[in-house]
Amino acid sequence: MSCITKRNTATELIGFTYPKLHEGKSWYVDFYALDPSTGEMRRKKFKLDGIPRVSEKRRRAAEIIEAVTRQLRQGWNPWVNTQESRGFTLLSDCLDRYLEYVDKKGDRYKTKMRYRSSVNILREYFETLVVPPRYVYQFNQTLIVDFLDWLLLDRDASARTRNNYRSWLYGLSEFFKKRKYITDNPVEDVEILKESAKFRKDLSKEKLAKMRQHLLEKDPHFLLACELEYYTFIRPNELSHLRVKDVSIKDQTIFVSGDFSKNHKDGYVGINRRICKLMIDLKVLEQPGEFFLFGRGFVPRSERYNADQFNRRWKKMREELGWEDCYQFYSLKDSGIRDLANNAGIVVARDQARHSDVATTNKYIQVHNDVHEETKNFEGEL
């Protein structure tokens, strides 16, 4: 009998759990996979009780686990019947088909280029995922919401830009739906953001101090991620790609490869003594150089973990501190650029943020309605 389990964020994104052997009165291998028809995780089970010898059971289980794991990673889903559904069509082929349709639809050249650019950005997002979607049935609401959040948080897109992408995704989904690749339009229930002033707020000196003390006691590894965001402005997706070998304590720098940076250029950012000390205290630099600096749980691991763990952990911390939603993980970048620009100048902040011009850097410095005390004591020449 299949059973349903509550999905966690990681499993929901990947769409399956890895198969495991269960020994005891009954021997079997099981795993969970997302059933697109219900949106729930269902268990698939392979019984081994018919095999008499224990050694033979273990050998057969190992063969099943190896074969099933390989197929799951390639996008296989036991609940999708390829003979009855077109959902098993490669997503990349469907996107290519969409672009062919756009080219022949008669739109203006500028419109065609905008659609093509949107597809390229979507594919760029897929490349950030540990397990990218392979088949078109995986083009669901969860994937779309995560993509829009990536635009908003990792690429720092405005609410208007994010909403424009939502509108484009709605049209793309209709294209898939009419051709029977998917049964429903997954964008219908995705919210439209209010296009007003910047929702995200920077953090005060007091909030930064409170956060540091809280994480120092509760989660020092996440504190390291927060310090890097505040002092180096490295984007969450870039943080997820950093390896231990990219850090140089001697030079006090971190190398950001163009293979995964937003501007596709290699670059170095400076790290201060506080970051160096925390890295040494946490012994992260004692791990193999090829390890990812922020694997699962923000500790160095051999496998890369999705960048959304930064925002998930931040939300948990925000609840613990009783902060409003306007304080987000990216608020650390806003606050860091503000403080570095005030301390060392806008040009230094621009270079540390790896921006092409000062105008981009200025967008991160929020205007407050407070009266500066310096104006009360300023004596000019008039």
Side-chain angles (χ1 to χ4, degrees), residues 1-88 90-91 129-143 145-146 182-184 186 218-219 221-222 240 287-288 291-292 294-306 308-309 312-313 315-316 319:
M1 178 182 295
S2 64
C3 63
I4 298 174
T5 185
K6 185 177 180 181
R7 289 173 283 164
N8 58 40
T9 305
T11 302
E12 190 177 53
L13 176 64
I14 297 173
F16 63 85
T17 63
Y18 288 104
K20 293 172 58 177
L21 169 63
H22 299 268
E23 302 178 7
K25 185 176 180 180
S26 178
W27 285 58
Y28 60 92
V29 172
D30 72 345
F31 67 94
Y32 289 87
L34 182 66
D35 184 348
S37 64
T38 64
E40 299 290 341
M41 301 296 290
R42 290 176 57 192
R43 185 168 70 165
K44 182 73 174 177
K45 194 172 179 180
F46 298 93
K47 294 184 178 180
L48 303 170
D49 290 335
I51 302 173
R53 297 174 56 187
V54 170
S55 59
E56 186 65 18
K57 285 181 180 178
R58 291 203 173 106
R59 186 187 65 79
R60 182 59 178 157
E63 291 174 348
I64 293 173
I65 290 172
E66 181 183 1
V68 169
T69 299
R70 182 175 63 254
Q71 292 182 69
L72 288 170
R73 284 176 171 169
Q74 293 175 348
W76 170 70
N77 187 306
W79 315 125
V80 176
N81 188 327
T82 57
Q83 295 179 347
E84 298 178 1
S85 171
R86 301 183 73 185
F88 233 63
L90 291 175
L91 180 54
L129 303 177
V130 175
V131 182
R134 181 172 175 80
Y135 298 106
V136 69
Y137 81 83
Q138 295 171 297
F139 190 77
N140 54 27
Q141 188 180 74
T142 299
L143 183 70
V145 170
D146 286 346
I182 57 179
T183 56
D184 299 299
K218 300 286 187 179
D219 194 345
H221 284 279
F222 183 58
S240 74
Q287 304 303 313
F291 273 30
F292 291 95
F294 294 109
R296 186 169 186 169
F298 308 101
V299 298
R301 296 186 189 276
S302 59
E303 294 185 359
R304 189 177 75 84
Y305 200 61
N306 286 333
D308 62 356
Q309 72 166 328
R312 291 202 311 272
R313 181 62 182 87
K315 289 177 183 177
K316 179 182 177 183
E319 293 175 358

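Below, all heavy atoms of this structure are taken into account, side chains as well, without hydrogens, waters or symmetry copies.
- In this structure, the side chains of Leu91 and Gln138 stay at 4.5 Å or more apart for every pair of heavy atoms.
- Here the straight-line distance linking atom CG of Leu90 with atom CZ of Arg134 works out to 5.5 Å at 0.5 Å rounding.
- Between the CZ atom in Phe16 and the OG1 atom in Thr69 there is a gap of 8.0 Å [rounded to 0.5 Å].
- For the pair Leu48 and Leu21, the minimum side-chain heavy-atom distance is below 4.5 Å.
- A salt bridge does not link Lys316 to Glu319: none of the charged side-chain nitrogens sits closer than 4.0 Å to a carboxylate oxygen.
- Panel note: side chain Asn140, backbone Pro186; no donor-acceptor pair is recorded below 3.5 Å.
- Taking CZ of Phe31 as the reference point, atom CE of Met41 lies at 9.5 Å (rounded to 0.5 Å).
- Looking at Tyr18 and Arg73, their side chains come closer than 4.5 Å, going by heavy atoms from C-beta outward.
- The structure places CG of Asn306 at 10.0 Å from CZ of Arg296, a figure rounded to the nearest 0.5 Å.
- In this structure, the ring of Tyr137 has its center no less than 6.0 angstrom from the ring center of Phe139.
- Proximity of Pro19 to Leu72: side-chain heavy atoms (C-beta onward) are separated by under 4.5 Å at one or more points.
- In Arg60, the CZ atom is not crowded: 12 or fewer heavy atoms of neighbouring residues, nucleotides or ligands sit closer than 6.0 Å.
- In this structure a side-chain-to-backbone donor-acceptor pair under 3.5 Å is present from Asp49 to Trp27.
- The distance from the CD atom of Glu23 to the OH atom of Tyr28 is 11.5 Å, given to the nearest 0.5 Å.
- If you take CG on Asp35 and CD on Glu40, they are separated by 9.0 Å, rounding to the nearest 0.5 Å.
- Annotation: side chain of Pro133 is in contact with side chain of Leu143 (closest heavy-atom distance under 4.5 Å).
- A search for ring-ring contact (aromatic ring centres under 6.0 Å, His included) contacts involving Phe291 returns nothing, not counting sequence neighbours.
- Under the 4.5 Å side-chain criterion, counting only non-hydrogen atoms from C-beta, Ser240 is in contact with Arg304.
- In the displayed structure, Gln71 atom CD is contacted under 6.0 Å by more than 12 heavy atoms of other residues, nucleotides or ligands.
- Applying the ring-ring contact (aromatic ring centres under 6.0 Å, His included) test to Phe294 and every residue at least two apart in sequence or in another chain returns Phe310.
- Qualifying salt bridge (Lys or Arg N to Asp or Glu O under 4.0 Å) partners for Asp184, counting only residues two or more places apart in sequence or in other chains: none.
- A side-chain donor-acceptor contact under 3.5 Å links Gln309 to the backbone of Gly295.
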